[in-house]
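Here is the structure we will look at.
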Amino acid sequence: MKARILIVLLYIASFFASIGPALTFFLIHQEKYVKTVPDKVKISAGIVIITVIVVIKLMGKLKINSRIFVFGVVFLLSYLFEALLNDLLIFSFLALIGEIADILIMMLIKKIKTDLLIQKSANANADAMEEAFNRLSGRV
């Protein structure tokens, strides 16, 4: 049961690792980016869109085959994050760091899940062998 709780906590960590570095930088320098109310609304809408994309990606359901959709999202986010575009280099680097951290966490989750499956199979085989041994020895 502890491994399942660890997996849930790692999924939560994966989510925060994806957005954490860029969000932290934004929060530290937010007075630079949200000078007016329209800036606040646009940035808030952009953050909601990016959060939805990250959640869909973490669920493994993000399948983008249309270039029109990709460029539409890039255009929309560029418009919404217009105040942030001066620091695009910093934000893209922080997003890269977050994505690398997310990949490492997902690799750890996959390893834990594989170990759980192996342990479950080993326990099932051991139980079956014990039952077969007991039947052969006449104890059942």
Side-chain angles (χ1 to χ4, degrees):
M1 194 61 166
K2 290 180 184 179
R4 295 196 187 278
I5 293 171
L6 178 61
I7 289 172
V8 169
L9 291 175
L10 285 173
Y11 273 115
I12 293 169
S14 174
F15 172 75
F16 286 111
S18 291
I19 64 170
L23 184 62
T24 302
F25 182 81
F26 173 77
L27 291 175
I28 290 171
H29 300 287
Q30 70 179 348
E31 70 279 348
K32 178 180 175 183
Y33 305 118
V34 289
K35 296 176 184 169
T36 65
V37 174
D39 285 342
K40 290 178 185 178
V41 172
K42 285 169 41 176
I43 288 175
S44 297
I47 289 172
V48 168
I49 291 170
I50 286 186
T51 303
V52 168
I53 290 171
V54 167
V55 167
I56 293 170
K57 180 185 110 20
L58 290 175
M59 291 172 36
K61 304 294 183 190
L62 186 63
K63 309 279 191 250
I64 301 175
N65 295 329
S66 170
R67 292 185 307 235
I68 293 173
F69 178 77
V70 169
F71 288 121
V73 170
V74 168
F75 172 75
L76 178 63
L77 291 175
S78 297
Y79 170 73
L80 294 174
F81 290 144
E82 185 177 0
L84 306 176
L85 288 180
N86 291 334
D87 292 331
L88 184 60
L89 180 67
I90 294 169
F91 281 108
S92 61
F93 176 70
L94 293 173
L96 175 65
I97 289 173
E99 191 63 25
I100 291 170
D102 177 49
I103 289 170
L104 293 174
I105 292 170
M106 293 307 269
M107 287 171 49
L108 182 60
I109 289 171
K110 185 177 179 181
K111 182 186 180 323
I112 291 171
K113 283 184 172 182
T114 303
D115 291 347
L116 279 176
L117 184 62
I118 290 170
Q119 184 66 33
K120 193 175 190 180
S121 295
N123 289 342
N125 285 338
D127 291 344
M129 290 296 285
E130 183 178 353
E131 185 178 328
F133 180 75
N134 288 339
R135 283 186 185 168
L136 287 175
S137 63
R139 295 183 189 169
V140 175

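Everything numeric here is computed off the predicted structure, so don't read it as measured data. Sequence positions, counted from 1, serve as the residue numbers for this chain.
- Proximity of a side-chain donor or acceptor of T51 to a complementary backbone N or O of I47 within less than 3.5 Å is detected.
- Separating the OG atom in S18 from the CD1 atom in I97 is a distance of 13.0 Å, to the nearest 0.5 Å.
- Hydrophobic clustering (side-chain heavy atoms under 4.5 Å, transitive across Ile, Leu, Val, Met, Phe, Trp, Tyr) groups L27 together with L80.
- Interatomic distance, CD1 of I118 versus NZ of K111, reported as 8.5 Å (0.5 Å rounding).
- Within the structure, the salt bridge (Lys or Arg N to Asp or Glu O under 4.0 Å) test picks out no pair touching residues 8-17 (sequence neighbours left out).
- The NZ atom of K113 lies 10.5 Å from the CG atom of L10; values are rounded to the nearest 0.5 Å.
- Nearest approach of I105 to A17, heavy atoms of both residues: CD1-CB, 3.8 Å.
- To the nearest 0.5 Å, atoms CD1 (I53) and CD1 (I19) are separated by 12.5 Å.
- The number of heavy atoms from other shown groups lying within 6.0 Å of CZ (F15) is above 12.
- Follow the hydrophobic side-chain contacts under 4.5 Å out from L94 and you never reach I103; the two are in separate clusters.
- Using a 4.5 Å cut-off on side-chain heavy atoms (C-beta onward), D87 and K32 make contact.
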Legend entry - Derivation of the side-chain contact (heavy atoms from CB on, under 4.5 Å) call for E131 and D127: CA-CA 6 Å; E131 185 178 328; D127 291 344; over 6 Å; no
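- The distance from atom CG of L76 to atom CZ of F71, rounded to the nearest 0.5 Å, is 15.0 Å.
- In the hydrophobic clustering of ILVMFWY residues, with side-chain heavy atoms under 4.5 Å counting as a link, L108 and L104 come out apart.
- Residues V37 make up the rest of the hydrophobic cluster containing V41, defined by ILVMFWY side-chain heavy atoms closer than 4.5 Å, directly or through other members.
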Legend entry - side-chain contact (heavy atoms from CB on, under 4.5 Å) between I43 and Q30, intermediate numbers included: CA-CA 10 Å; I43 288 175; Q30 70 179 348; over 6 Å; no
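- Taking the ring-ring contact (aromatic ring centres under 6.0 Å, His included) definition, one finds that F93 meets it with nothing, sequence neighbours left out.
- Expressed to the nearest 0.5 Å, how far CG of D102 lies from CZ of F16 amounts to 13.0 Å.
- Applying the side chain to side chain donor-acceptor pair (under 3.5 Å) definition to pairs two or more places apart or across chains, those involving residues 73-84 are K42-E82.
- Side-chain contact, Q119 with N123: a donor N or O sits under 3.5 Å from an acceptor N or O.
- Both V70 and F81 sit in one connected hydrophobic cluster of ILVMFWY residues. Membership requires side-chain heavy atoms under 4.5 Å apart, directly or through other members.
- Cluster membership check: L117 does not share its hydrophobic cluster with V8, using side-chain heavy-atom separations under 4.5 Å among Ile, Leu, Val, Met, Phe, Trp and Tyr.
- Scored by the side chain to side chain donor-acceptor pair (under 3.5 Å) test, S121 finds no partners at all (sequence neighbours excluded).
- Counting non-hydrogen atoms of neighbouring residues, nucleotides and ligands closer than 6.0 angstrom, the CD1 atom of I68 reaches no more than 12 such neighbours.
- The salt bridge (Lys or Arg N to Asp or Glu O under 4.0 Å) check on K120 picks up nothing, with sequence neighbours excluded.
- Taking the six-membered ring for Trp and thresholds of 30 and 60 degrees, F91 and F26 have ring planes inclined between 30 and 60 degrees apart.
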